[in-house]
Amino acid sequence: MNNNATEKLSAKTIVSYALGGIADNTIFVMIVTFLMLYYTDSVGIPTATVATIFLVTRIWDTLSDLIWGWIFDNTHTRWGKFRPWMIFGGVTCALSLIATYSVPDISLSGKIAWAYLTYFMLSASYTSFDVPYWALSTVITRDPVERNRLVYITRTAAMCGQWLTSLMTLPLLALLSNSWSKLAIIYGIFFIICAIVNFTNTKEIHSNEKKSHHLSPVVYAELFTKNKPLIILMTFWFIFNLVISSRVGFGLYYFKYVFHSEAAMASYLGLSTFLALLGAIVTATLSSKLGKLNLCRLTSVLLGLSCIAMFFLGHVTTWMGVFLQSIPSFFLGVLGVVLGAMLPDTVAWHEFKEKKRVEGMIFSLNLFQLKLSGAIGGAATGYILAFINYIPNTQQSASTLDGINYSFNLIPGILFLVSTVALSFYELSEQRNIEVSEQLKLRDAQIRGIV
């Protein structure tokens with residue numbers, strides 16, 4: 001393949017790749033934001049049971065991510081390592097989404113069994129798209145500047161997809177007579193179209209691996225022992241995502257029961273995701289001035305402080321509450337993009353140190369921790385709701401409302417501040433990334449010269 005990574009990426013490539021990010025986050029929002037609400041308030045599955053479904057399915061799916069990563073890095077086709085998975089993952093994920101949001105009106109035990117089966121299918125098929133999709137950014141270009149540009153644009157587009165999905169889902173659901181199944185069909189068709197466009201208009205232009213080259217699963221152990229930047233980054237990301245996964249779930253309950261307004265709930269989803277999108281948009285500018293690492297540290301501290309401040313929020317109008325509670329999402333948007341831009345740096349670092357390209361395994365390992373933290377965070381939401389005696393679709397007690405407030409504001413804020421400590425040990429500065437890139441380019445040139 002052509003290894004010339006110094007040419008700027010075309011607008012067609014960037015736009016097509018970004019469409020995949022929009023579609024990817026559409027599915028993500030349907031899993032993280034709306035699935036628990038669908039199970040508890042529409043299907044009628046008890047909260048503690050839903051929490052167990054989330055925990056068991058996500059842990060099993062998380063363990064399978066490591067197998068997926070090994071499969072991805074050992075995929076060698078004329079279309080590349082990752083692009084073929086856009087089609088496979090796009091179709092299977094769309095079908096699984098429709099099945100997940102189409103629980104039939106049967107016995108409670110039957111509904112639970114259906115939820116287990118379809119949610120497992122959705123999680124597995126989402127992995128088959130999500131990991132190769134984000135790993136694709138590391139083989140589209142070698143140049144760190146172009147790679148950062150691609151990631152910043154794509155992560156921003158993904159945030160746009162998240163915002164639009166959060167904003168449109170409940171109103172669209174109302175237009176569809178509260179049919180989650182019809183809604184899933186619409187999103188599924190959109191997902192497949194974006195996957196096809198992404199596959200068609202992107203190319204894998206970098207690969208030094210021979211088609212016969214086989215990577216052992218033992219490489220995972222090597223990542224833990226020899227890729228310190230990756231482990232530090234994933235440690236921070238683990239705490240961050242655990243808190244977010246729990247907090248996102250509580251947000252719906254917070255506005256539905258504290259402010260007694262489902263309209264406020266929909267507005268919060270739209271405004272908070274819009275502010276996250278604004279954060280994503282300005283990330284490239286902030287990163288160019290502060291550097292990715294410094295920006296990540298600063299944003300994490302500001303996020304924690306803003307959440308703690310919201311806990312002490314006095315009596316305000318519903319819409320003022322929506323606005324103020326949406327402010328932390330700006331910092332979430334920044335962190336979501338900058339973390340996504342930092343992960344490919346660990347891929348280049350590992351290749352520089354160990355002379356192995358293991359994009360699939362690194363992105364799968366990161367998704368492993370994201371799903372594990374998401375499983376714990378999502379399950380925590382359900383278990384905490386059960387612990388504070390939450391009863392669906394009725395007036396909540398004062399102690400239950402206090403529990404929702406603690407879980408939505410104070411506890412997340414404290415944990416965000418604590419997680420920042422891990423970044424003190426991260427060593428891949430902007431200058432170090434440039435040095436690694438130059439060394440890899442020199443090595444590529446030497447290899448081509450020998451061949």
Side-chain angles (χ1 to χ4, degrees), residues 1-10 13-14 17 69 72-76 78-83 132 134-154 202-216 218-220 222-233 284 287-288 290-294 338-363 365-366 425-451:
M1 294 185 182
N2 178 19
N3 286 288
N4 183 6
T6 62
E7 296 181 0
K8 284 188 173 296
L9 296 172
S10 68
T13 296
I14 293 175
Y17 187 69
F72 297 145
D73 273 332
N74 285 289
T75 297
H76 303 286
R78 65 189 183 95
W79 299 285
K81 290 204 300 184
F82 304 121
R83 289 176 60 242
W134 292 110
L136 186 59
S137 65
T138 66
V139 293
I140 289 178
T141 178
R142 167 77 86 185
D143 186 81
V145 176
E146 281 298 283
R147 185 177 66 217
N148 284 341
R149 187 167 76 101
L150 177 66
V151 172
Y152 286 143
I153 292 174
T154 302
T202 59
K203 304 297 179 185
E204 297 183 29
I205 65 171
H206 172 76
S207 178
N208 285 331
E209 305 290 353
K210 301 294 184 182
K211 287 191 174 182
S212 60
H213 186 82
H214 181 81
L215 291 169
S216 167
V218 175
V219 172
Y220 280 119
E222 187 178 273
L223 291 175
F224 276 103
T225 58
K226 298 182 178 181
N227 197 326
K228 180 181 175 182
L230 174 64
I231 300 307
I232 293 173
L233 185 64
S287 179
S288 66
L290 301 175
K292 294 194 290 287
L293 178 56
N294 289 333
V338 77
L339 287 171
M342 292 169 73
L343 185 61
D345 295 337
T346 68
V347 174
W349 172 259
H350 193 79
E351 182 183 4
F352 169 66
K353 298 290 288 186
E354 304 301 325
K355 298 182 175 61
K356 295 178 182 177
R357 289 191 64 85
V358 288
E359 308 95 334
M361 290 190 183
I362 286 179
F363 276 81
L365 186 61
N366 187 61
F425 304 96
Y426 190 80
E427 59 188 282
L428 292 184
S429 64
E430 298 303 305
Q431 182 58 39
R432 187 58 176 139
N433 287 327
I434 292 174
E435 293 171 356
V436 168
S437 175
E438 292 302 318
Q439 289 296 321
L440 290 175
K441 289 179 182 178
L442 178 60
R443 186 184 298 170
D444 287 347
Q446 291 172 341
I447 291 175
R448 292 196 304 271
I450 293 173
V451 175

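Just so we're clear, the structure is a prediction, and the values are computed from it rather than from any experiment.
- When every heavy atom of Lys228 is checked against every heavy atom of Phe425, the shortest pair comes out as CE-O, 3.9 Å.
- A search for ring pair (Phe, Tyr, Trp, His ring centres under 6.0 Å) contacts involving Tyr17 returns Tyr133, not counting sequence neighbours.
- Between Arg149 and Ile14, the closest side-chain pair of non-hydrogen atoms falls below 4.5 Å.
- Looking at heavy atoms from C-beta onward, Trp349 lies out of side-chain contact with Leu230 at the 4.5 angstrom threshold.
- Nearest heavy-atom pair across Val436 and Ala348 is CG1-O, 3.7 Å.
- Not a single side-chain hydrogen bond (donor to acceptor under 3.5 Å, both in side chains) links Ser429 to another residue, sequence neighbours left out.
- At least one donor-acceptor pair closer than 3.5 Å links the side chain of Glu430 to the backbone N or O of Lys292.
- Partners of Ala135 under the side chain to side chain contact (heavy atoms under 4.5 Å, CB included) rule, at least two apart in sequence or in another chain, are Phe82, Glu359, Phe363.
- Within the 3.5 Å criterion, the main-chain N or O of Glu204 finds no donor-acceptor partner in the side chain of Arg83.
- Going from atom CH2 of Trp134 over to atom CG of Leu343 covers 10.5 Å, rounded to the nearest 0.5 Å.
- Put simply, the side chain of Tyr426 reaches to within 4.5 Å of the side chain of Thr346, judged on heavy atoms.
- Atom CZ of Phe352 sits in a crowded spot, with more than 12 heavy atoms from other residues, nucleotides or ligands closer than 6.0 Å.
- The distance from the CG atom of Leu365 to the CG atom of Leu223 is 6.0 Å, given to the nearest 0.5 Å.
- Here Asn74 contributes atom CG and His76 contributes atom NE2; the two are 5.5 Å apart, rounded to the nearest 0.5 Å.
- Taken from CG in Leu150 to CG in Leu9, the straight-line distance is 6.0 Å, to the nearest 0.5 Å.
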Working for side chain to side chain contact (heavy atoms under 4.5 Å, CB included), residues Leu428 and Leu233: CA-CA 10 Å; Leu428 292 184; Leu233 185 64; over 6 Å; no

Steps toward side chain to side chain contact (heavy atoms under 4.5 Å, CB included) verdict (Ile362, His350): CA-CA 9 Å; Ile362 286 179; His350 193 79; 4.2 Å; yes

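- In this structure the side chain of Glu438 never reaches within 4.5 angstrom of the side chain of Leu442, judged on heavy atoms.
- Here the side chain of Thr154 pairs no donor or acceptor atom with the backbone of Val151 at under 3.5 angstrom.
- When side chains are defined from C-beta on, Glu427 does not count as touching Leu293, because their heavy atoms never get closer than 4.5 Å.
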